[in-house]
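Residue numbers begin at 1 in each chain, while the letters A, B, ... track the order of the sequences. As the structure is a prediction and not an experimental result, all values here were calculated from the model.
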Amino acid sequence: MIVSYQIFLFIGAACTLIYFLRQISRRHLNIESAVFWSIFSGVFVVLSIFPQIMIRGAQLLEIESPANLLFLIVLCLLIFYQFFATVKLSKLEQQITALTQYIALQELGKQEQAEETVKNNEK
Amino acid sequence: MKTLVIIPAYNEAENIVRVVDQLIAQYPQYDYIIVNDGSRDETPAICREKGYRLLDLPINLGLAGAFQAGMRYARRNEYDAAIQFDADGQHRAEYIAPLIDKLSEGYHIAVGSRFVTVPKPISLRMLGSFLISFAIRLTTGKKLTDPTSGMRVYNKAMIHQYARHVNRAPEPDTLSYLIKQGAKVAEVQVEMDERIAGESYLDFTRSIAYMLRMGVSIILVQPFRGKINISTKENKGGEVLA
């Protein structure tokens, strides 16, 4: 690999890592999400310093190009992450729905109770 | 039978008074509840002013969430039957009684169908209805002539189902799932009116999207959902806040 290209990749990976870490602290990300993205971007920094890891891995798995192996890993990882994100989103939607219904039911319950009291007092 | 008419309303200021006043005047024997689904218009204000019984959702949840809120109200107040009744005036209250009668015969759900005795017109609009009917027949063996009809009456076990579980939208796919789980569904011939004011939610593109979503859900998704016992009260999984 051309050295200047490797430097370019390193800078890119490092910037991504720094950007993620800053965003994580600024946006108060959950620890579990923060850990995932820190490792995810950290691995790229390591790979930009030691591209031999990918080259060796591709040789072992008999994948023609190290880039293909990288794409494969990243794609699988992101697809799974995206899937579990939608699982989480579904759950959040259900929780918001339940809470919204709960609020409305409580409000109406209070109102009905008040009406009942008025009725009883009239008697 | 203690019956609750659930009227989900989203931006129905133009229709709500006519529909509800007519229901109260002609059918005082039924209790009703309007579920305001976070309307942005005057719907909740009108309901309060008129003194209607109103379940006021602070945000918009969509029909499924609004209807479920009504079902949870029905469950809390121990109703024996609950009916979904449109706020736009499409449903006629005179058909509530024959639908309730079906529950007395032992059915879990009674659907107000436009096409039991009247043949379904062959039109582009009915294409979706044909395909959803076909999908339900394919997966459950049950012939439903008007699966997209929103006028459905539910018995106590079904109130429990809808009130306590997630993924119970008042849609044909839920119907197919419940049929598979042993729910008995009857159809009663009804007439429906065209909506008088406001705009229908389903335009052409949305109709197609709806049809595809229902088709995929009925054929591919519903068969993989867990088995439930519809007669017992407590089921594991998918529980929502009581």
Quiz prompt | Asp41(B) side-chain N/O to Ala13(B) backbone N/O, donor-acceptor pair under 3.5 Å | solution = yes
Exercise. Spell out, as yes or no, whether a donor-acceptor pair under 3.5 Å connects the side chain of Arg76(B) to the backbone of Gly109(A).
Key: no
Quiz item: With a 4.5 angstrom heavy-atom cut-off, which part of Leu105(A) approaches chain B: side chain, backbone, both or neither?
Solution: both
Quiz item: By a 4.5 Å heavy-atom criterion (distance strictly below it), what part of Leu61(B) contacts chain A: side chain, backbone, both, or neither?
Solution: side chain
Quiz prompt | Portion of Ile33(B) that has a non-hydrogen atom of chain A nearer than 4.5 angstrom | solution = side chain
Quiz item: Can you list the residues that meet the ring pair (Phe, Tyr, Trp, His ring centres under 6.0 Å) rule with Phe40(A), with sequence neighbours excluded?
Solution: Phe36(A), Trp37(A), Phe44(A)
Quiz prompt | Residue among Leu57(B), Asn167(B), Asp56(B) with most heavy-atom pairs under 4.5 Å to chain A | solution = Leu57(B)
Practice problem: Could you check if a side-chain atom of Leu4(B) sits within less than 4.5 angstrom of a side-chain atom of Met71(B), using non-hydrogen atoms only? | Solution: no
